[in-house]
Amino acid sequence: MQLTDSQRSFRDDLRGYLEAEVEPVVDEADREPFTREEMVRYIKDLQELGVGFDPETAQDFFGDLRRFAIVSEEVSYVWPSLNVGLLMSFPAVFVEHAADVTRENQLSKLETGECIGSLAVTEPEGGSDTARPRTTARKDGDEYVLEGEKTWVGNAPIADVSLVVAEDEDSGAQDMFLVDREYSDYEAETLNKLGWKAVNNGRMYLDGVRVPEENKLSTIIGNALREGNHITDVVPFPESVAELFFEQKALNATFSFMRTGMSYMSVGIMQAAFDEAIEYVTERETFGKPIAEHQLVQELLYDIRVNLETSRQLSRRALEALERGSSDARLMSSMAKGYTAEKAVEATSDALQIHGGEGLKTENRLERYFRDARVMSIPDGTTEIQKLIVGKELTGHSAYN
């Protein structure tokens, strides 16, 4: 990926922070989900580097998708859980144009880097079927009342605002609703899982949660435009990307963005595993020579490097389609996410195999890389769903209705 001098400087500053502040603590810190205080501390640190969701920082961060890609890869190289916790907070950007009461409750926290967001899509009974949410939004005066459950919601137990996908009972259409927890709270429980151990994924119980009518996402966008804002003031992406929110469902546009980030996450994990493997094969000896001289070890290194390079190139193609606001953005992001997630599993497994018994030890990072990689093929649409999306984009015919 070609970078400008500014982008390279941004990457170098980010690497410096990760090496100094995250690398020394990651092995211990990854054992438990983020507390609110921990997540806020990292968000505020990264805000100083130009990564964040406050009105000033978001325009620079999301306005340059290559910065977004750099963050996804570089942070995931060190700690995928931190990348997920950080980027799943992006719904906080909508606070600036939400209902007056939400701005009063949350805007000052957003500006100081203390507003945590979450995106609630998946449902316990629905799984990958995001097109027909069972969670409903019923109009009641000047509010909506949400009823339903969500699961695997990143940051849910510690979030200040959550963007919830629900069906508007009046229109029968899918929309998203910004839940302000100071206005109307919900119950959430933390889920334990195989990888991404530090991400505070939760199950949300939306029992009569009330949302101001101005916090319906289509209304947030519509009101902001009527007040003279540009679409990029509300959705802080390059204009070509922001237009995708008009040209397709808002959730589909959101997923195109998220899946591109996921593909760069997989690249970051693969690069970390590859670097560990290269270092190990030059130090470890068997049968009187470094294992780097064994033919089958070199074959495994070949496989890891090929998976890494093909994944990086496909991720770049997806990013370029997104930058152009191309009609192929959904196709390319699903191809990239599906492919790179599976290759990350293969690459980390091969790197672990190279380490032999050492790779099985929980204090060895290969074990964590493998667990984190294995998670990649499920969130934001399983690999099987990515294949069906690509099939629909290629043929115009849906196989999942």
K.L.:
Between Glu346 and Lys343, is a salt bridge (Lys or Arg N to Asp or Glu O under 4.0 Å) present by the stated rule, with each step listed?
P.N.:
CA-CA 5 Å; Glu346 293 179 18; Lys343 294 307 176 184; 3.4 Å; yes

K.L.:
Is any side-chain heavy atom of Val267 less than 4.5 Å from a side-chain heavy atom of Tyr77?
P.N.:
no

K.L.:
Within the 4.5 Å heavy-atom criterion, are Glu149 and Glu123 side-chain neighbours or not?
P.N.:
no

K.L.:
If the threshold is 4.0 Å, N to carboxylate O, is there a salt bridge linking Glu48 and Lys44?
P.N.:
no

K.L.:
Are Glu342 and Arg374 within salt-bridge range, i.e. N to O under 4.0 Å?
P.N.:
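Here Glu342 does not pair with Arg374 in a salt bridge, since their nearest N and O are not under 4.0 Å apart.
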
K.L.:
Could Glu187 and Arg203 be called an ion pair, given the rule that one side-chain N must be under 4.0 Å from one carboxylate O?
P.N.:
no

K.L.:
Only counting residues at least two apart or in another chain, list the ones meeting salt bridge (Lys or Arg N to Asp or Glu O under 4.0 Å) with Lys197.
P.N.:
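Lys197 satisfies salt bridge (Lys or Arg N to Asp or Glu O under 4.0 Å) with no residue once adjacent residues are dropped.
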
K.L.:
Does one side chain, of Asp45 or Tyr17, offer a donor that lies under 3.5 Å from an acceptor on the other?
P.N.:
yes

K.L.:
Apply side-chain contact (heavy atoms from CB on, under 4.5 Å) to Val121 and Lys150, showing your working.
P.N.:
CA-CA 7 Å; Val121 180; Lys150 297 291 183 180; 5.5 Å; no

K.L.:
Is the shortest distance from a Lys or Arg side-chain nitrogen in Asp168 or Lys139 to a carboxylate oxygen in the other one below 4.0 Å?
P.N.:
no

K.L.:
Ring centroid separation for Phe62 and Phe257, is it under 6.0 angstrom?
P.N.:
yes

K.L.:
I want to check a possible cation-pi pair here: Arg259 against Phe255, using under 6.0 Å from ring centre and within 45° of the ring axis as the test.
P.N.:
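Ring-cation test returns yes.
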
K.L.:
Would you please name every residue forming a salt bridge (Lys or Arg N to Asp or Glu O under 4.0 Å) with Arg41, sequence neighbours left out?
P.N.:
none

K.L.:
May I ask you to check whether Trp79 and Tyr369 place their ring centers less than 6.0 Å from one another?
P.N.:
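Not under 6.0 Å, so no.
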
K.L.:
For the residue pair Glu323 and Pro238, establish whether any side-chain heavy-atom pair is separated by less than 4.5 Å.
P.N.:
no

K.L.:
Are Asp233 and Glu96 packed together at the side-chain level, in the sense that at least one heavy-atom pair is separated by less than 4.5 angstrom?
P.N.:
no

K.L.:
With the threshold set at 4.0 Å, does a side-chain nitrogen-carboxylate oxygen contact exist between Glu358 and Lys361?
P.N.:
yes

K.L.:
Among Arg67, Arg66, Arg15, find the one that has a salt bridge (charged side-chain N to carboxylate O under 4.0 Å, His left out) with Glu74.
P.N.:
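When Arg67, Arg66, Arg15 are each tested with Glu74, the salt bridge (charged side-chain N to carboxylate O under 4.0 Å, His left out) holds only for Arg15.
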
K.L.:
Any chance the rings of Phe53 and Phe90 have centres within less than 6.0 Å?
P.N.:
no

K.L.:
Could Arg210 and Tyr183 be counted as a cation-pi pair, given that NZ or CZ must be under 6.0 Å from the ring centre and within 45° of the axis?
P.N.:
no

K.L.:
For side-chain contact (heavy atoms from CB on, under 4.5 Å), just list the numbers for Lys387 and Glu384, CA-CA rounded to whole Å, side-chain angles, deciding distance to a tenth of an Å, and then say yes or no.
P.N.:
CA-CA 5 Å; Lys387 291 177 180 179; Glu384 290 74 21; 5.6 Å; no

K.L.:
Using a strict 4.0 Å threshold on nitrogen-to-oxygen distance, state whether Asp160 and Lys109 make a salt bridge.
P.N.:
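Salt bridge flag = yes for Lys109 with Asp160.
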
K.L.:
Quick check: do Ile389 and Arg330 have side-chain heavy atoms less than 4.5 Å from each other?
P.N.:
yes

